[in-house]
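Following: one structure in structure tokens, then a few remarks.
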Amino acid sequence: FIVFHAKINLNSDEARPTYFPAGPHLPPTLPRSKFLGLEWTEKDNAESSTGAIARFGLGGGYRIEAGLFDSRRSTAAVADLMLGVTPDGQIANRLAIVSQGDTDKSRSGEFRLIREWQSGALEHRLTASLRGRAKDKLFGGSKRRARGPGSVFDTPDKWPEPAYSLDPKNEDRVRQIAGGIAYSLLWPGKASLDLGLSKQHYSKTINFADPALPDTITRDRPLLWNASASFAVTGKLILFGGLSRGQEDAIIAPDIASN
């Protein structure tokens with residue numbers, strides 16, 4: 001039985017400017033050991049992971065494995081963008097994108113029933129599993145602040161922190177349950193085979209803070225599978241091949257994104 005917890009806090013991480021040249025040329029050479037960012041463009045990030053894993057032998061080649069996990073992340077950041085940078089260091093516009101209160105919370109769990117047995121030189125494993133995941137994300141509501149033209153060599157006091165208020169957050173809610181079965185065959189030192197099949201029950205709901213944007217709901221129940229095999233040609237050369245069908249949980253582009 002294993003219980004773990006990990007936490008990382010990164011506070012007041014100074015944001016370095018990102019340069020976007022005005023044409024097919026490099027920005028000017030910058031002085032070493034001199035901070036050219038802004039005093040108020042800092043990033044705070046907090047992450048934590050907590051979980052428990054248990055294994056129980058049942059005899060006769062059977063055993064149970066189970067796990068519960070909780071992951072959380074919160075971010076507050078300011079991006080410092082210099083647009084239209086010329087070789088002499090002039091910029092067409094300096095843009096700050098302020099984002100605070102973005103959070104990501106995920107709870108998941110898995111239960112496995114495993115049977116292992118051997119026939120001659122072959123080792124077999126059959127696994128039945130049930131998995132679940134719940135993810136809640138708050139995103140968006142960022143604000144842009146533009147300073148206008150300037151120079152990459154401007155000192156931080158050239159642009160004091162402007163006043164701003166952030167917009168409400170959008171909500172991204174995912175719920176997923178999957179049941180599956182997998183089979184593994186191992187011929188030690190010679191070959192292996194892995195097969196898997198699972199049925200997914202997936203739903204994703206986006207609640208936009210902007211009433212002008214319609215909320216979206218996505219539901220899917222795909223059948224996912226995987227197959228892989230390996231063969232030892234020599235003691236130092238192994239051939240491997242695999243094929244799988246997966247599912248992507250795509251994130252939503254931020255409010256300020258444009259193509």
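As the structure is a prediction and not an experimental result, all values here were calculated from the model.
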What is the minimum heavy-atom distance between [X] and [Y], and which atoms define it?
X      : Y      : value
Ala96  : Val78  : CB-CG1, 4.2 Å
Ala209 : Asn170 : N-OD1, 2.8 Å
Gly109 : Leu68  : CA-CD2, 4.0 Å
Asp194 : Ser184 : OD1-OG, 2.6 Å

A quick test of your reading: do over 12 heavy atoms of other residues, nucleotides or ligands sit less than 6.0 Å from [atom1] of [X]?
X      : atom1 : answer
Lys190 : NZ    : no
Arg115 : CZ    : yes
Leu26  : CG    : no

Roughly how far, to the nearest 0.5 Å, is the [atom2] atom of [Y] from the [atom1] atom of [X]?
X      : Y      : atom1 : atom2 : result
Lys199 : Leu224 : NZ    : CG    : 9.0 Å
Lys204 : Ile217 : NZ    : CD1   : 12.5 Å
Arg147 : Leu38  : CZ    : CG    : 8.5 Å
Ser48  : Lys105 : OG    : NZ    : 10.0 Å
Asp80  : Thr18  : CG    : OG1   : 7.5 Å
Ser108 : Gln176 : OG    : CD    : 10.5 Å

Less than 4.5 Å apart, side chain to side chain, heavy atoms only: is that true for [X] and [Y]?
X      : Y      : answer
Thr205 : Asp215 : no
Ile114 : Arg125 : yes
Tyr19  : Leu30  : yes
Arg144 : Ser142 : no
Arg131 : Ser198 : no
Val152 : Pro27  : no
Phe231 : Trp187 : no
Ser49  : Phe69  : no

Candidate pair Gln200 and Asp220, rule side-chain contact (heavy atoms from CB on, under 4.5 Å), full reasoning: CA-CA 8 Å; Gln200 307 285 322; Asp220 197 10; over 6 Å; no
Charged N-O contact under 4.0 Å between Asp136 and Arg175: yes
Charged N-O contact under 4.0 Å between Arg73 and Asp104: yes
Is the backbone N or O of [Y] less than 3.5 Å from a side-chain atom of [X], with the two atoms forming a donor-acceptor pair by type?
X      : Y      : value
Lys137 : Asp102 : no
Asn226 : Leu243 : no
Lys143 : Asp167 : no
Gln90  : Ala92  : no
Asn9   : Ala46  : no
Ser151 : Phe153 : yes
Lys169 : Gly140 : yes
Asn93  : Pro149 : no

Contacts of type side-chain hydrogen bond (donor to acceptor under 3.5 Å, both in side chains), residue His124, not counting sequence neighbours: Ser119, Tyr183
side-chain hydrogen bond (donor to acceptor under 3.5 Å, both in side chains) against Arg173, all qualifying residues, sequence neighbours excluded: none
Transitive ILVMFWY side-chain link [X] to [Y], under 4.5 Å:
X      : Y      : answer
Leu83  : Ile97  : yes
Ile238 : Leu193 : no
Leu186 : Leu122 : no
Leu166 : Leu138 : no
Val174 : Ile177 : no

Worked verdict on Leu126 versus Trp117 for side-chain contact (heavy atoms from CB on, under 4.5 Å): CA-CA 9 Å; Leu126 186 64; Trp117 72 96; 4.0 Å; yes
Just distance, no hydrogens or angles: give the donor-acceptor pairs under 3.5 Å from side chains in residues 50-67, sequence neighbours left out.
| residue | atom | partner | partner atom | Å |
| --- | --- | --- | --- | --- |
| Thr50 | OG1 | His5 | ND1 | 2.6 |
| Arg63 | NE | Glu65 | OE2 | 2.9 |
| Arg63 | NH1 | Glu116 | OE1 | 3.0 |
| Arg63 | NH1 | Glu116 | OE2 | 3.4 |
| Arg63 | NH2 | Glu65 | OE2 | 3.2 |
| Glu65 | OE1 | Arg112 | NH1 | 3.4 |

Full working for side chain to side chain donor-acceptor pair (under 3.5 Å) between Ser192 and Ser230: CA-CA 5 Å; Ser192 69; Ser230 67; 2.5 Å; yes
